[in-house]
Amino acid sequence: MLRCSGVSKRFANGTLALKDVDLQVGQHEFLSLLGPSGCGKSTLLRLISGLGQPSAGEIDWPTSNYDARGLARPDLSFVFQEPTLLPWKNALANVALPLKLSGVDKDERMSRAAKALASVGLAGFERSYPRELSGGMKMRVSIARALVTKPRILLMDEPFAALDEITRGRLNQDLLALWARERFTVIFVTHSVYESVFLSQRIVVMAARPGRVSADITVDSPYPRE
Ligand code: ADP
Ligand code: ADP
């Protein structure tokens with residue numbers, strides 16, 4: 001469903017952030033991108049999401065429909081390390097925001113937002129404001145907001161790196177269960193080998209200077225995945 005072919009990215013200051021990246025991601029895959037700081041993981045996610053153009057190579061979405069400029073990718077959502085919630089809106093309104101921006105009527109967006117909040121374990125917190133929620137809960141709201149549009153692909157850039165270990169463990173478990181149930185594709189950027197093995201079916205290891213793919217590993221868990 002996503003194919004990067006010979007993707008390179010050179011920034012205006014001359015930094016070659018990515019060189020000849022080939023990567024195919026299938027439907028329903030949970031893929032981790034693992035590698036040291038500066039190996040181009042964020043750059044690759046941004047290019048996939050349409051924020052910026054590769055200097056060479058192509059990113060193809062054979063099964064998705066995006067506009068002629070290749071910008072709008074309604075099938076795709078992004079979760080960052082920072083939950084980026086609007087402080088003056090409660091959890092429900094934050095989750096409903098992408099639906100509001102795409103013109104979904106109020107009753108429908110409220111009911112879909114409430115379902116999305118429930119799916120991340122936050123039923124009952126609809127009226128809470130971001131300042132009233134813990135870091136883990138804010139991350140859950142951010143995941144609900146990403147999933148409320150029913151994306152086919154979810155890009156996550158070190159989403160849990162700022163959370164304590166216990167919270168992070170719970171979120172890992174719940175994310176895996178959500179993925180097993182709803183079957184969106186995930187590309188998950190992490191520094192954590194533990195996290196990548198726990199979560200993924202496949203780990204793509206990147207190396208730096210210049211950023212490139214250095215290994216593509218299938219993780220064969222002996223356990224049923226949720
Ligand atoms: P990672 O996410 O793996 O830590 P990044 O994708 O953030 O790596 O960065 C890859 C390389 O590109 C680094 O050397 C970084 O300094 C450089 N880089 C990232 N963004 C820019 C930019 N806007 N302009 C110039 N260089 C950049
Ligand atoms: P705003 O008008 O502030 O841009 P929204 O239109 O998304 O934001 O929602 C405004 C507020 O109204 C939210 O706090 C939301 O909780 C509440 N609200 C509106 N309609 C409903 C509904 N049908 N069910 C539950 N809450 C609702």
Side-chain angles (χ1 to χ4, degrees), residues 28 30 32 41-42 45-46 48-51 72-192 194-196 198-200 225-226:
H28 313 317
F30 198 129
S32 286
K41 304 181 295 298
S42 301
L45 277 204
R46 290 168 66 83
I48 289 171
S49 73
L51 295 165
R73 299 208 163 127
D75 288 355
L76 174 147
S77 289
F78 221 126
V79 172
F80 302 95
Q81 184 171 320
E82 188 53 45
T84 62
L85 304 176
L86 299 178
W88 61 87
K89 283 189 185 281
N90 66 23
L92 191 68
N94 266 289
V95 172
L97 196 61
L99 300 177
K100 185 173 184 170
L101 297 176
S102 55
V104 175
D105 73 55
K106 184 146 191 163
D107 283 350
E108 189 187 338
R109 65 179 192 257
M110 291 305 156
S111 98
R112 284 172 64 182
K115 276 193 201 127
L117 271 176
S119 78
V120 297
L122 288 184
F125 290 90
E126 294 81 4
R127 307 283 161 164
S128 303
Y129 284 84
R131 65 171 178 279
E132 302 170 313
L133 300 172
S134 68
M137 290 162 107
K138 279 187 278 209
M139 179 49 67
R140 287 171 189 273
V141 175
S142 161
I143 293 171
R145 181 185 53 191
L147 293 179
V148 78
T149 54
K150 300 258 174 233
R152 300 157 67 104
I153 182 160
L154 180 62
L155 306 179
M156 305 184 86
D157 196 351
E158 296 194 58
F160 308 148
L163 302 172
D164 68 81
E165 247 173 284
I166 292 174
T167 304
R168 191 171 180 168
R170 289 204 187 106
L171 272 160
N172 277 331
Q173 225 140 23
D174 291 353
L175 174 63
L176 197 54
L178 201 56
W179 168 81
R181 213 163 54 233
E182 301 198 5
R183 291 285 163 172
F184 41 85
T185 298
V186 185
I187 304 181
F188 189 97
V189 165
T190 180
H191 277 116
S192 161
Y194 166 81
E195 206 165 55
S196 65
F198 179 79
L199 287 170
S200 332
R225 301 186 70 83
E226 198 60 38

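- Across all non-hydrogen atoms, the minimal contact from Arg168 to Ala161 is NH1-CA, 4.1 Å.
- For the pair Leu76 and Pro151, the minimum side-chain heavy-atom distance is 4.5 Å or more.
- Arg181 meets the side chain to side chain contact (heavy atoms under 4.5 Å, CB included) test with Ser119, Leu178; sequence neighbours excluded.
- Applying the side chain to side chain donor-acceptor pair (under 3.5 Å) criterion to Thr190, with sequence neighbours excluded, gives Glu195.
- Here Lys100 contributes atom NZ and Asp105 contributes atom CG; the two are 12.5 Å apart, rounded to the nearest 0.5 Å.
- Under the side chain to side chain contact (heavy atoms under 4.5 Å, CB included) criterion, His28 pairs with Arg183, sequence neighbours left out.
- Looking only at side-chain heavy atoms (C-beta outward), Lys41 and His191 come within less than 4.5 Å of each other.
- Applying the side chain to side chain donor-acceptor pair (under 3.5 Å) criterion to Arg46, with sequence neighbours excluded, gives no partner residue.
- Leu175 has its side chain within reach of Phe30: a pair of non-hydrogen atoms, C-beta onward, lies under 4.5 Å apart.
- The list of salt bridge (Lys or Arg N to Asp or Glu O under 4.0 Å) pairs with a residue in residues 130-142, not counting sequence neighbours, reads Arg140-Asp174.
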Table please: side-chain donor-acceptor pairs of residues 92-99 below 3.5 Å, with sequence neighbours left out.
unit_1: Asn94; atom_1: OD1; unit_2: Leu86; atom_2: N; d: 2.8
unit_1: Asn94; atom_1: ND2; unit_2: Leu86; atom_2: O; d: 3.1
unit_1: Asn94; atom_1: ND2; unit_2: Lys89; atom_2: O; d: 2.8
unit_1: Asn94; atom_1: ND2; unit_2: Asn90; atom_2: O; d: 3.2

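- Pairing each heavy atom of Lys150 with each of Arg112, the nearest pair is CG-NH2, 4.4 Å.
- A distance of 10.0 Å separates CD of Glu158 from CG of Leu45, quoted to the nearest 0.5 Å.
- Remark: Ser142 pairs with no residue by the side chain to side chain donor-acceptor pair (under 3.5 Å) rule, at least two apart or across chains.
- With sequence neighbours excluded, the residues that form a side chain to side chain contact (heavy atoms under 4.5 Å, CB included) with Thr167 are Leu163, Asp164, Leu171.
- Residues Val120 and Val141 fail the side-chain proximity criterion, which asks for heavy atoms closer than 4.5 Å.
- Between Met156 and Ile143, some side-chain heavy-atom pair lies under the 4.5 Å cut-off.
- Separation of atoms CG (Asn172) and CD (Glu165) is listed at 11.0 Å; rounding is to 0.5 Å.
- Evaluation of the ring pair (Phe, Tyr, Trp, His ring centres under 6.0 Å) rule for Phe125 yields no partner, not counting sequence neighbours.
- What you find for Ala146 and Phe78 is that their closest heavy atoms are CB-O, 4.3 Å.
- Side-chain contact annotation: Ser32 with Ser196, donor-acceptor N/O pair under 3.5 Å absent.
- For Glu108 (side chain) and Lys106 (main-chain N/O), no donor-acceptor pair under 3.5 Å exists by modelled atom type.
- Counting heavy-atom neighbours within 6.0 Å of Arg170 CZ, excluding the residue itself, gives a total of 12 or less.
- Every side chain to side chain contact (heavy atoms under 4.5 Å, CB included) that Ser102 has, sequence neighbours left out, goes to Val104.
- Counting heavy atoms of neighbouring residues, nucleotides and ligands inside a 6.0 Å radius, atom CG of Leu101 exceeds 12 of them.
- Taking CD1 of Ile187 as the reference point, atom OG of Ser49 lies at 10.0 Å (rounded to 0.5 Å).
- Atom-to-atom distance recorded for Met139:CE and Leu133:CG is 12.5 Å, nearest 0.5 angstrom.
- Residues that satisfy the side chain to side chain donor-acceptor pair (under 3.5 Å) test with Thr84, not counting sequence neighbours, are Arg145.
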